[in-house]
Amino acid sequence: MSFEWPWQYNFPPFFTLQPNVDTRQKQLAAWCSLTLSYCRHRKLYTLDVMEAQESSVFNNKKIERKLSMEAIQVVFEELRKKGNLEWMDKNKTRCLIMWRRPEEWGKLIYQWVSRNGMINSVFTLYELANGDDTESEEFHGLEDWMLLRSLQALQTEGKAELISMDDGKGVKFF
């Protein structure tokens, strides 16, 4: 399935930060939505700022427009304020992108566990994210850092407990 670009993506002024405050807020909201939708479609969990400018999300070759590095930083800062992005380094060159928050992933995982009668079962993190049983689930292929945060959110709610196993980490659901 191909990604569906919003109408603004083919509108050249979209690629220039607008000076009017109201217009800029709408523009940033559209960029945030586009960035999260694109990352979700491509199942991207990390972004490199330098590579981002050349990726199709910020570079529309059809209309020969790309968002400047400064504007990308503004979009990323807006995503950070909303809780959808965390910087991986002090220089802000790489970031974790959360198109779904850990609590939301935890809820999906717990729904799958409940639906399949696996409460009081123990799983390795690998089984949950990469096992045959979860192949048709949205959380299949979830990166380790996000899986761990999702399970920590469930642990906080008293629905799971992270445990250490011989070959790594595991989780028991309640």
Side-chain angles (χ1 to χ4, degrees), residues 1-61 63-111 125 128-130 137-157 159-160 162 169 171:
M1 191 161 95
S2 66
F3 183 72
E4 193 154 325
W5 299 98
W7 69 269
Q8 299 101 317
Y9 187 72
N10 292 309
F11 185 57
F14 186 55
F15 288 84
T16 304
L17 282 182
Q18 299 302 304
N20 179 287
V21 176
D22 292 338
T23 306
R24 182 183 281 225
Q25 282 305 339
K26 290 176 184 157
Q27 181 187 29
L28 284 176
W31 271 112
C32 289
S33 175
L34 170 58
T35 304
L36 293 174
S37 297
Y38 180 82
C39 290
R40 180 180 188 155
H41 180 78
R42 302 278 313 268
K43 287 199 167 202
L44 298 175
Y45 300 97
T46 56
L47 292 176
D48 181 286
V49 176
M50 297 306 285
E51 291 171 10
Q53 193 180 32
E54 295 306 316
S55 77
S56 56
V57 72
F58 296 113
N59 184 357
N60 186 337
K61 291 184 174 143
I63 63 168
E64 297 181 3
R65 295 295 301 237
K66 72 165 109 172
L67 202 59
S68 69
M69 284 305 294
E70 298 80 31
I72 291 172
Q73 290 285 4
V74 171
V75 171
F76 283 4
E77 179 57 21
E78 192 70 16
L79 286 166
R80 188 198 62 75
K81 286 179 192 170
K82 294 177 179 203
N84 296 110
L85 181 145
E86 278 182 26
W87 291 108
M88 295 172 74
D89 59 355
K90 288 180 183 175
N91 296 329
K92 298 183 178 181
T93 59
R94 291 188 56 74
C95 61
L96 303 174
I97 190 89
M98 294 175 268
W99 38 270
R100 185 173 270 148
R101 291 195 176 89
E103 299 78 20
E104 296 170 296
W105 282 117
K107 185 177 180 184
L108 283 177
I109 292 167
Y110 196 77
Q111 286 170 346
L125 299 193
L128 266 182
N130 303 296
E137 300 302 317
E138 267 193 86
F139 59 85
H140 187 81
L142 195 60
E143 289 192 0
D144 288 346
W145 68 269
M146 181 57 90
L147 178 61
L148 203 52
R149 287 186 186 189
S150 304
L151 296 173
Q152 287 167 339
L154 286 174
Q155 184 169 278
T156 301
E157 294 175 27
K159 294 180 176 179
L162 286 163
K169 288 190 183 288
V171 61

[X], [atom1] atom: more than 12 neighbouring heavy atoms under 6.0 Å:
X	atom1	result
Arg42	CZ	no
Lys26	NZ	no
Asp144	CG	no
Met50	CE	no

Measure the [atom1]-[atom2] distance between [X] and [Y] for me, rounded to the nearest 0.5 Å.
X	Y	atom1	atom2	answer
Leu67	Asn60	CG	CG	11.5 Å
Thr16	Arg65	OG1	CZ	4.0 Å
Leu34	Cys39	CG	SG	9.0 Å
Leu128	Lys169	CG	NZ	14.0 Å
Arg149	Leu142	CZ	CG	11.5 Å
Trp87	Arg94	CH2	CZ	11.0 Å

With a 4.5 Å cut-off on side-chain heavy atoms, are [Y] and [X] touching?
X	Y	answer
Tyr9	Ile63	no
Lys92	Val49	no
Leu36	Ile97	yes
Lys61	Lys66	no
Glu78	Val75	no
Glu138	Arg40	yes
Arg100	Leu108	yes
Val171	Ile109	no

Does the ring center of Phe76 lie less than 6.0 Å from the ring center of Trp31?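 Distance test on ring centres: not under 6.0 Å, no.
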List for me each residue that meets side-chain hydrogen bond (donor to acceptor under 3.5 Å, both in side chains) alongside Trp145, sequence neighbours excluded, and say none if there are none.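 Expected list: Glu143.
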Please enumerate all residues that pass side-chain hydrogen bond (donor to acceptor under 3.5 Å, both in side chains) together with Arg80, with sequence neighbours excluded.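 For Arg80, the residues satisfying side-chain hydrogen bond (donor to acceptor under 3.5 Å, both in side chains) (neighbours in sequence not counted) are Glu77.
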Is there a donor-acceptor contact under 3.5 Å from the side chain of [X] to the main chain of [Y]?
X	Y	answer
Gln18	Gln27	no
Trp105	Leu147	no
Arg24	Pro19	no
Ser150	Met146	yes
Gln155	Leu162	yes
Ser55	Ala52	yes
Trp99	Leu44	yes
Gln53	Phe58	no

Pair Lys107 + Glu157, salt bridge at N-O below 4.0 Å: no
Closest contact, heavy atoms only, Leu154 versus Tyr110: CD2-CB, 3.9 Å
Give the minimum heavy-atom separation between Gly141 and Tyr45, together with the two atoms involved. O-CE1, 4.3 Å
Which residues share a ring-ring contact (aromatic ring centres under 6.0 Å, His included) with His41, sequence neighbours left out: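 Listed in chain order: Phe3.
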Assess whether side chain to side chain contact (heavy atoms under 4.5 Å, CB included) is satisfied between Thr35 and Asn84, documenting all intermediate values. CA-CA 10 Å; Thr35 304; Asn84 296 110; over 6 Å; no
Go through the steps for Leu17 and Glu70 under the test side chain to side chain contact (heavy atoms under 4.5 Å, CB included), then give the verdict. CA-CA 9 Å; Leu17 282 182; Glu70 298 80 31; over 6 Å; no
